[in-house]
Amino acid sequence: MFKYIIKKTASWLVVIFLATNIAYLLAATFLDPRSNYVGRNPPLGPEEIGRILTPLGLNPETPLIERWWGWLSNIIFHWDWGTSPLGDPVSAQIAHRALVSAQLLLVATILSVIIGVALGVYTASRQYKAADRFWQGVSIITMNTHVVVASILVVAAGLWINRVTGHRVVYVTGASSLGVEGFFPKLLDMAQHLILPSISLIIISYAGYHMMQRTLLLDNLNADYVRTARAKGLTRAQAIRKHALRTSIIPVATSVAFSVPGIFTGAIMTETIFAWKGMGQYFIETISRNDVNGTTAVAAFGAVMIAFSAILADLVVVALDPRVRVS
């Protein structure tokens, strides 16, 4: 297994290297950092803009191959992903934004998976009964609810709770408060900021896992190995938990693993509504600012997350399916 992981990681490193370089070449070709200086007062001439951008490796007048080599050598020898046209270090931005997104989105994803899988098992074992129809109806509604609508409802509920209690129980915006000291006060402050956006994301995302798990589990309930387990004396609940669920949860686990890249860069609306400075918002900012280095770094981060997801999916399948372990 260890040898397999090393081999898989090496192959993905090659893919990440190629994808990142292609992303840089495309960004350097089609993005124009000079647009950030248009309309300034007093206005800057082309020569002045060139003098600002050339040390940053962002001047379109410099040959592309020269800019590319300077960018690549800085990463290889100094792990420096460059600077934005406005002077922000890209490496620091990526490190900060990724941590902010992780706080918000990993919690929401874990809870969405737990709730979705639990509901899938619960409703599949009660097919066509009142509980099954009720939760299917709820999930269909939430699947068709836009994240903006869910977020507005959650914000309204949070403001109502604060007003009724007379205290700031939950925060509507931001990832943390300034001036909070101590481990437990910081932990409480983080939880108060996490509650509303996490609920918003859970509302729109748990239903997909619920429906997928229910469908897959129903496909396995009448399989021969489940009927054999029942014939040996296991109850229906035991047969589902020990046999049917183990097989049907594999596609769900794989789907969760491959959702990791989207976890970090996909929650643009949620981060905007709740004022979280995460990767999704940073991705939009890099495009709008014609930030070649920032855009490339986001693409590289996405490639790393995809590679991590692919390896994680393989490990999950191995852990859940003994047939794969044997092979």
> Transitive ILVMFWY cluster of Met143 at side-chain heavy atoms under 4.5 Å: who else is in it?
Replying inline: Ile140, Met211
> Apart from Leu188 itself, which Ile, Leu, Val, Met, Phe, Trp or Tyr residues share its cluster (side-chain heavy atoms under 4.5 Å, direct or through members)?
Replying inline: none
>> Go through it in stages, so that I can follow the logic: the residues are Arg214 and Tyr122, the test is side chain to side chain contact (heavy atoms under 4.5 Å, CB included), and I'd like the CA-CA distance, side-chain angles, deciding distance and then a yes or no.
In response: CA-CA 8 Å; Arg214 179 184 180 277; Tyr122 179 78; over 6 Å; no
Looking at every heavy atom in both [X] and [Y], which two are closest together, and how far apart are they?
{"X": "Val107", "Y": "Ser198", "value": "CG1-OG, 4.3 Å"}
{"X": "Leu53", "Y": "Pro60", "value": "CD1-CD, 4.5 Å"}
{"X": "Val148", "Y": "Ile273", "value": "CA-CD1, 3.9 Å"}
{"X": "Pro85", "Y": "Asn290", "value": "CG-O, 4.1 Å"}
{"X": "Leu56", "Y": "Ser84", "value": "CD1-O, 3.6 Å"}
{"X": "Pro33", "Y": "Val292", "value": "CG-CG2, 4.2 Å"}

> Which is it for Ile49 and Val38 under the side chain to side chain contact (heavy atoms under 4.5 Å, CB included) test, yes or no, and what are the steps along the way?
Replying inline: CA-CA 9 Å; Ile49 296 175; Val38 175; 5.7 Å; no
Ignoring hydrogens and geometry, is there a side-chain-to-backbone donor-acceptor pair from [X] to [Y] under 3.5 Å?
{"X": "Thr254", "Y": "Ala313", "result": "no"}
{"X": "Asn293", "Y": "Gly82", "result": "no"}
{"X": "Ser73", "Y": "Gly70", "result": "yes"}
{"X": "Asn162", "Y": "Val170", "result": "yes"}
{"X": "Asn21", "Y": "Leu18", "result": "no"}
{"X": "Asp80", "Y": "Asn74", "result": "no"}
{"X": "Glu48", "Y": "Gly45", "result": "yes"}
{"X": "Thr247", "Y": "Ala244", "result": "no"}
{"X": "Thr145", "Y": "Ile141", "result": "yes"}
{"X": "Glu285", "Y": "Gly294", "result": "no"}

Interatomic distance, [X] atom [atom1] to [Y] atom [atom2] [nearest 0.5 angstrom]:
{"X": "Thr142", "Y": "Asn144", "atom1": "OG1", "atom2": "CG", "answer": "8.0 Å"}
{"X": "Asp32", "Y": "Leu58", "atom1": "CG", "atom2": "CG", "answer": "10.5 Å"}
{"X": "Asn220", "Y": "Ile250", "atom1": "CG", "atom2": "CD1", "answer": "9.0 Å"}
{"X": "Ile75", "Y": "Thr20", "atom1": "CD1", "atom2": "OG1", "answer": "7.5 Å"}
{"X": "Ile203", "Y": "Ser139", "atom1": "CD1", "atom2": "OG", "answer": "12.0 Å"}
{"X": "Phe283", "Y": "Phe301", "atom1": "CZ", "atom2": "CZ", "answer": "13.0 Å"}

Tell me whether [Y] is reachable from [X] by hopping between hydrophobic residues (I, L, V, M, F, W, Y) whose side-chain heavy atoms are closer than 4.5 Å.
{"X": "Leu187", "Y": "Val180", "answer": "no"}
{"X": "Ile22", "Y": "Met305", "answer": "no"}
{"X": "Ile65", "Y": "Trp69", "answer": "yes"}
{"X": "Val169", "Y": "Leu159", "answer": "yes"}
{"X": "Val226", "Y": "Leu234", "answer": "no"}

If you define the side chain from C-beta out and look only at heavy atoms, does anything of [X] sit under 4.5 Å from [Y]?
{"X": "Ile249", "Y": "Leu216", "answer": "no"}
{"X": "Ser205", "Y": "Thr109", "answer": "no"}
{"X": "Val304", "Y": "Ile16", "answer": "yes"}
{"X": "Leu72", "Y": "Phe17", "answer": "yes"}
{"X": "Gln136", "Y": "Thr123", "answer": "no"}
{"X": "Thr215", "Y": "Asp219", "answer": "yes"}
{"X": "Val147", "Y": "Ser200", "answer": "yes"}
{"X": "Trp276", "Y": "Thr270", "answer": "no"}

Name all residues meeting the side-chain hydrogen bond (donor to acceptor under 3.5 Å, both in side chains) criterion together with [X]; count only those two or more places apart in sequence or in a different chain, and write none if there are none.
{"X": "Thr54", "value": "Asn59"}
{"X": "Ser248", "value": "Gln213"}
{"X": "Glu61", "value": "Arg34"}
{"X": "Asp88", "value": "none"}

Please list, chain by chain and in numerical order, all residues satisfying salt bridge (charged side-chain N to carboxylate O under 4.0 Å, His left out) with [X], sequence neighbours excluded.
{"X": "Arg51", "value": "none"}
{"X": "Lys277", "value": "none"}
{"X": "Asp189", "value": "none"}

>> Ignoring hydrogens and geometry beyond distance, is a side-chain donor-acceptor pair present between Ser101 and Glu271 at under 3.5 Å?
In response: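 Side chains of Ser101 and Glu271: pair found under 3.5 Å.
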>> For Arg227, I'd like to know if atom CZ has over 12 heavy atoms of other residues, nucleotides or ligands within 6.0 Å.
In response: yes
> Just wondering, are more than 12 heavy atoms of other shown residues or ligands nearer than 6.0 Å to OH in Tyr37?
Replying inline: yes
Which pairs with one or both residues in [range] pass ring pair (Phe, Tyr, Trp, His ring centres under 6.0 Å), sequence neighbours excluded?
{"range": "residues 81-104", "answer": "Trp79-Trp81"}
{"range": "residues 208-227", "answer": "none"}
{"range": "residues 174-197", "answer": "Tyr171-His193"}

>> Pair Leu119, Tyr206 - check side chain to side chain contact (heavy atoms under 4.5 Å, CB included), show working.
In response: CA-CA 9 Å; Leu119 279 176; Tyr206 87 89; 3.5 Å; yes
>> What verdict does the side chain to side chain contact (heavy atoms under 4.5 Å, CB included) test give for His146 and Val149, after you've listed the backbone C-alpha separation in whole Å, the side-chain angles of each residue and the deciding distance to 0.1 Å?
In response: CA-CA 5 Å; His146 196 275; Val149 176; 4.2 Å; yes
